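To start, the structure itself, in structure tokens.
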Protein chains: 2
Amino acid sequence: MDKDKIDKRDYILDVAERVFSEKGFDGASTRLISGEAGVNMAMLNYYFGSKEGLFLEIFERKISSFQNILQNLGNDESMNAWEKMEQYIEMYGEKIVNNNCFQKLLYQEIGMNRNNDLSNKLRDLLLKNVTELDKILNEGIAKGEFKKDIDIPMVIATLYGTKNYIINTPLMSSRLLGYNILNDKMIETKLKPQIKSFMKNLLKAYLLN
Amino acid sequence: MDKDKIDKRDYILDVAERVFSEKGFDGASTRLISGEAGVNMAMLNYYFGSKEGLFLEIFERKISSFQNILQNLGNDESMNAWEKMEQYIEMYGEKIVNNNCFQKLLYQEIGMNRNNDLSNKLRDLLLKNVTELDKILNEGIAKGEFKKDIDIPMVIATLYGTKNYIINTPLMSSRLLGYNILNDKMIETKLKPQIKSFMKNLLKAYLLN
DNA sequence: TTATTTTAATCAATCGTTTGATTAACTTTG
DNA sequence: CAAAGTTAATCAAACGATTGATTAAAATAA
């Protein structure tokens, strides 16, 4: 059946996403990925052409869902700039737990600073999200909600940098925070509320007049 | 000469540090490192035992200089907590340019979350730095300089996360900031002042009463 | 000489990929 | 309907290339 074929492709992508994020691109061998997925090694090349093709598809699968989530927020006229920021932080806090290993994989690849098609594509994708945030911050300045001298690029770097620091170095962060952030329940009950609350307080103090 | 031998060892370490941080541990083959350093491949194993031994020595070379830099600050009685924070941010801003590729290599390895001796050693080292910062923040709360409800671990994560985000994704950050942070002159004249100034303003707004 | 440093050649292991054969399901033909 | 043909899916096996590591010989220094 066609359905089964799609499911199997998707299943391989699921497994590969996990293995890549655990081991990195180089560390995740095609033998390991195919082994974990319970399929023959040759299937990876059969379905995705190459290891890099497989890697690419993992990201492309997510792109569409990334695209329009933030655009609706940016164009919403019923909220002021700070309310949009709060909403942005809420969504961003949710993603930490939901796309944990995808986010890690994403920034791991970007951190390599390769100049291949894949890396450039990923950078463009992330910059699209950044542009939405940039729009909100500029709107806040224009409307007099935010201080005039705020450093927009640095605010963006802070927002994403703090999140990445925590989820990319879980063994460090767990000792820093005092609880195990590799535990899903801890992420849900402690990390998510903590990071949302902190970011709102931090940016409220910095942005608002 | 013994001198030359030490110099050559050190030179290999310099080159390896750069290559590792550019390509990652797996991506940096012994052939590439030895080629860049202009020495025979076998020299790496002769001097450092193995590839991992070489990797380890790169970090061990830096550890001693890391140790006591911050301790002097923490024990200084002539400054109040916020002045110490400012001083901390100054030193932290300087390190961005000075130990650029070492910092990158450091967090790249920690991000792997391996459970070998090396990774555990590195985590302990970083936590030592963190402890100093923790001390300053607690002192500020105790003395009534800082708000009582500040989130200390998250402040630390923000400080290091923002820095790492910028230096680990230079191609992203350059587009975000509007200038090329791979250019040393740009780092010196623009990035360093900007990140120092921003961090002081951000934390001043969040920490101070 | 003796001891140390450096080299080229080679090792087994692993990498991503390709191959040719086989299976199963669907389509076409008679 | 049944036989023949066609297709995609899957497999074990092997490919050439590259990996980190080792060797024994050559070069250098003491």
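All values below were derived from every heavy atom in this structure, side-chain atoms included, with hydrogens, water molecules and symmetry-related copies excluded. Owing to the predicted nature of the structure, the values given are computational and were not obtained by experimental measurement. Below, chains carry the letters A, B, ... as their sequence lines are ordered, and counting in each starts from 1.
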- [ ] Among the candidates C:dT17, D:dA21, C:dT4, find the nucleotide nearest to the side-chain atoms of B:Tyr46.
- [x] C:dT4
TODO: Could you tell me the separation between the CZ atom of B:Phe48 and the P atom of C:dT6, rounded to a whole number of Å?
DONE: 12 Å
Task: Whole angstrom value for the distance that separates C1' of C:dT5 from OH of B:Tyr47 - done: 7 Å
TODO: State which residues pass side-chain hydrogen bond (donor to acceptor under 3.5 Å, both in side chains) with B:Asn120; sequence neighbours excluded, sorted by chain then number.
DONE: B:Arg123
- [ ] Take the protein atom CE of B:Met41 and the nucleotide atom P of D:dT23, then report the distance between them rounded to whole Å.
- [x] 14 Å
Provide a list of protein-nucleic acid N or O atom pairs under 3.5 angstrom, restricted to nucleotides 26-28 of chain D.
none

Open item on the list: Could you work out, with salt bridge (Lys or Arg N to Asp or Glu O under 4.0 Å) as the rule, every residue matching B:Lys200, not counting sequence neighbours?
Closed with: B:Glu90
TODO: Send over the distance from A:Leu44 CG to D:dT10 P, rounded to a whole Å.
DONE: 12 Å
- [ ] Starting at atom CG of A:Asn45, determine the distance to atom P of C:dC15, rounded to an integer number of angstrom.
- [x] 14 Å
Task: Pairs involving residues 122-141 of chain A, ordered by first then second residue, that meet ring-ring contact (aromatic ring centres under 6.0 Å, His included) (sequence neighbours left out) - done: none
- [ ] Verify whether one side chain among B:Asn164 and B:Gln103 offers a donor that lies under 3.5 Å from an acceptor in the other.
- [x] no
Open item on the list: With heavy-atom distances below 4.5 Å as the criterion, would you say the side chains of A:Lys196 and A:Glu94 are in contact?
Closed with: yes
- [ ] Could you note down all residue pairs passing salt bridge (charged side-chain N to carboxylate O under 4.0 Å, His left out) where residues 158-179 of chain B supplies at least one of them, sequence neighbours left out?
- [x] A:Asp124-B:Arg175
Task: Any residue meeting side-chain hydrogen bond (donor to acceptor under 3.5 Å, both in side chains) with A:Asp14, in chain and number order, not counting sequence neighbours - done: A:Arg61
- [ ] Please identify each residue that fulfils salt bridge (Lys or Arg N to Asp or Glu O under 4.0 Å) with A:Glu132, with sequence neighbours left out.
- [x] A:Lys135
Task: Expected output: side-chain A:Asp134 to main-chain A:Val130 donor-acceptor under 3.5 Å - done: no
Task: For DNA chain D, the residues among residues 27-40 of chain B that have a non-hydrogen atom under 4.0 Å from it - done: B:Ala28, B:Ser29, B:Thr30, B:Arg31
Open item on the list: When the axes are fitted on five pairs at both termini, how much does the helix from C:dT1-D:dA30 to C:dG30-D:dC1 curve, in 10° steps?
Closed with: 10°
Task: Whole-Å gap separating P (C:dT6) and CZ (B:Arg9) - done: 12 Å
- [ ] Check the distance between D:dT19's P and B:Asp26's CG and give it to me in whole angstrom.
- [x] 11 Å
TODO: Give a yes or no on whether a salt bridge exists between B:Arg18 and B:Glu36, defined as a side-chain N under 4.0 angstrom from a carboxylate O.
DONE: yes
Task: Nearest-0.5 Å distance, CG of residue A:Asn201 to CD1 of residue A:Ile89 - done: 9.0 Å
Open item on the list: So, taking the atom named CD1 in B:Ile136 and the one named CH2 in B:Trp82, what distance separates them when rounded to the nearest 0.5 Å?
Closed with: 11.0 Å
- [ ] Considering just the side-chain nitrogens and oxygens of B:Lys8, establish if one lies under 4.0 Å of OP1 or OP2 belonging to C:dT5.
- [x] no
- [ ] Enumerate the residues from residues 14-24 of chain B whose closest heavy atom to DNA chain C is under 4.0 Å, giving them by residue number; use none for an empty result.
- [x] none
Open item on the list: I'd like to check the salt bridge (Lys or Arg N to Asp or Glu O under 4.0 Å) partners of B:Glu139; sequence neighbours left out, ordered by chain and number.
Closed with: B:Lys84, B:Lys143
TODO: Could you name each residue pair satisfying ring-ring contact (aromatic ring centres under 6.0 Å, His included) that touches residues 157-198 of chain B, not counting sequence neighbours?
DONE: A:Tyr107-B:Tyr165, A:Tyr206-B:Phe198
Task: For atom CE of B:Met43 and atom P of D:dG20, their distance in whole Å - done: 17 Å
